[in-house]
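Bear in mind the structure is a predicted one, so any value in this text is a computation, not a measurement. In what follows, chains are A, B, ... by sequence order, proteins preceding strands, each numbered from 1.
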Protein chains: 2
Amino acid sequence: MALDQTQTTYGIAELAREFGITPRAIRFYEDKGLLSPARDGQRRIYGSRDHVRLRLIMRGKRLGFSLDEIREMIDLYDLDPTEVSQLKMFIDKLQARREQLRRQQDDIIETLAELDQLEDQSRGLLADREARRKAVG
Amino acid sequence: MALDQTQTTYGIAELAREFGITPRAIRFYEDKGLLSPARDGQRRIYGSRDHVRLRLIMRGKRLGFSLDEIREMIDLYDLDPTEVSQLKMFIDKLQARREQLRRQQDDIIETLAELDQLEDQSRGLLADREARRKAVG
DNA sequence: GGCTCGCTTTACGTTAACGTAAACGTCAGC
DNA sequence: GCTGACGTTTACGTTAACGTAAAGCGAGCC
């Protein structure tokens, strides 16, 4: 037990299966600077860091963000906070994201309320139809 | 006061200004079947119904839905519930949308939590820098 | 050695959601 | 009767996010 590297490495097809996407998409994310896997000769080797990033990517996509936006968000995580001015800009960006997400939350709440209403109406109609069928048939 | 039509009609530029989009986009939504304004000769005349639809469209876009998805959702609102089987399908679709929105909610909550954490860290670093500057300078 | 598998690069194709330009109609005002 | 402002149709251009096809490399098997 000399070196316990806890096999946190993945092949491209492996990751693709796990996240339900194609290898092509994963390579594309690399082209766009969202991933930077190691190499074994020509082959890509993904570590736990890439795994985390892919999870962030997928979450961002579910929220409707573009890959550019997602990259911005991801880059926030490992930014070097070396300059105070950059730190302030960074905090501003966080605020902006937060506001955007809050708007999304509100939109979702509104939409869910409307869906509830629609479903109530539909269930009412459905019950009505079936009651009528019972009375007639 | 014979006929109170409560001027609920808009021109295309008017709507564009109000929603912060271009007339081109509005015409595009029409092409895609999301809007169906009346006409005065060649000119489009939008009523309150179109106004509501545009609001739904913009909300859908903020949530990252495609125009096709948005049209599906909008069509739910004025579906003719004439057949029971269609009503059931309709309710199923509502459920699917609901689940998707719930996932989005969860994603947002997670992301907001991470943003909070990042901001805490950043503010800590920032305070540290300024304290150090005060001590040294 | 030949074959298959899995991965690679290169490059062209595709869909969505408009942008942009051209060319025309129309109505108010001068 | 001409000019602008605003609107129209038609059509080609653009960006994002991959899909897909072609051609080649390296490892393992028989």
Per-pair distances, 0.1 Å, donor-acceptor, side chain in residues 30-38 of chain A, under 3.5 Å, sequence neighbours excluded:
| unit_1 | atom_1 | unit_2 | atom_2 | d |
| --- | --- | --- | --- | --- |
| A/Glu30 | OE1 | A/Arg44 | NH1 | 2.7 |
| A/Glu30 | OE2 | A/Arg39 | NH2 | 3.3 |
| A/Glu30 | OE2 | A/Arg44 | NH1 | 3.4 |

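- The CD1 atom of B/Ile12 sits 13 Å away from the P atom of C/dC18 (whole-angstrom rounding).
- A/Glu72 is linked by a side chain to side chain contact (heavy atoms under 4.5 Å, CB included) to A/Lys93, A/Arg97, counting only residues two or more places apart in sequence or in another chain.
- Every residue meeting the side-chain hydrogen bond (donor to acceptor under 3.5 Å, both in side chains) condition with A/Asp116, not counting sequence neighbours, appears here in chain and number order: B/Arg98.
- Under the 4.5 Å side-chain heavy-atom criterion for ILVMFWY residues, no single connected hydrophobic cluster contains both A/Val52 and A/Ile45.
- Distance A/Leu35 CG to D/dC18 P: 12 Å, rounded to the nearest Å.
- Whole-Å rounding puts the B/Asp40 CG to C/dT26 P distance at 12 Å.
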Show me the protein contacts with nucleotides 19-21 of chain C, counting only N or O atoms at under 3.5 Å.
| unit_1 | atom_1 | unit_2 | atom_2 | d |
| --- | --- | --- | --- | --- |
| C/dG19 | OP2 | B/Thr22 | OG1 | 2.7 |
| C/dG19 | N7 | B/Arg24 | NE | 3.2 |
| C/dG19 | O6 | B/Arg24 | NH2 | 3.0 |
| C/dT20 | O4 | B/Arg24 | NE | 3.0 |

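- A/Tyr77 and B/Leu112 fall within the same hydrophobic cluster, where Ile, Leu, Val, Met, Phe, Trp and Tyr residues are linked whenever their side-chain heavy atoms come under 4.5 Å apart, directly or through other members.
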Side-chain atoms of residues 120-128 of chain A: list all donor-acceptor pairs with protein atoms under 3.5 Å, sequence neighbours left out, distances to 0.1 Å.
| unit_1 | atom_1 | unit_2 | atom_2 | d |
| --- | --- | --- | --- | --- |
| A/Ser122 | OG | A/Leu118 | O | 2.6 |
| A/Arg123 | NE | A/Glu119 | OE2 | 3.2 |
| A/Arg123 | NH2 | A/Glu119 | OE2 | 2.9 |
| A/Asp128 | OD2 | A/Arg132 | NH2 | 3.1 |

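- With rounding to whole Å, A/Glu30 atom CD is found 11 Å from C/dT8 atom C1'.
- Partners of B/Gln86 under the side-chain hydrogen bond (donor to acceptor under 3.5 Å, both in side chains) rule, at least two apart in sequence or in another chain, do not exist in this structure.
- For B/Arg55, the side-chain hydrogen bond (donor to acceptor under 3.5 Å, both in side chains) criterion is met by no residue, not counting sequence neighbours.
- Applying the side chain to side chain contact (heavy atoms under 4.5 Å, CB included) test to B/Asp106 and every residue at least two apart in sequence or in another chain returns nothing.
- Put simply, CG on B/Leu15 is 15 Å from C1' on D/dC6, counting in whole angstrom units.
- Pairs of residues two or more places apart, or lying in two chains, that qualify as ring-ring contact (aromatic ring centres under 6.0 Å, His included) and include a residue from residues 33-65 of chain B are B/Tyr10-B/His51, B/Phe19-B/His51.
- The nearest whole Å value for the distance from the CZ atom in A/Arg27 to the P atom in C/dG6 is 13 Å.
- Residues that satisfy the side chain to side chain contact (heavy atoms under 4.5 Å, CB included) test with A/Ser48, not counting sequence neighbours, are A/Thr8.
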Taking only nitrogen or oxygen atoms into account, show me every contact under 3.5 Å that the protein makes with nucleotides 14-17 of chain D, one pair per line with its distance.
| unit_1 | atom_1 | unit_2 | atom_2 | d |
| --- | --- | --- | --- | --- |
| D/dA17 | OP1 | A/Leu67 | N | 2.8 |

Taking only N/O atoms, report every protein-nucleotides 24-29 of chain D pair under 3.5 Å with atom names and distance.
none

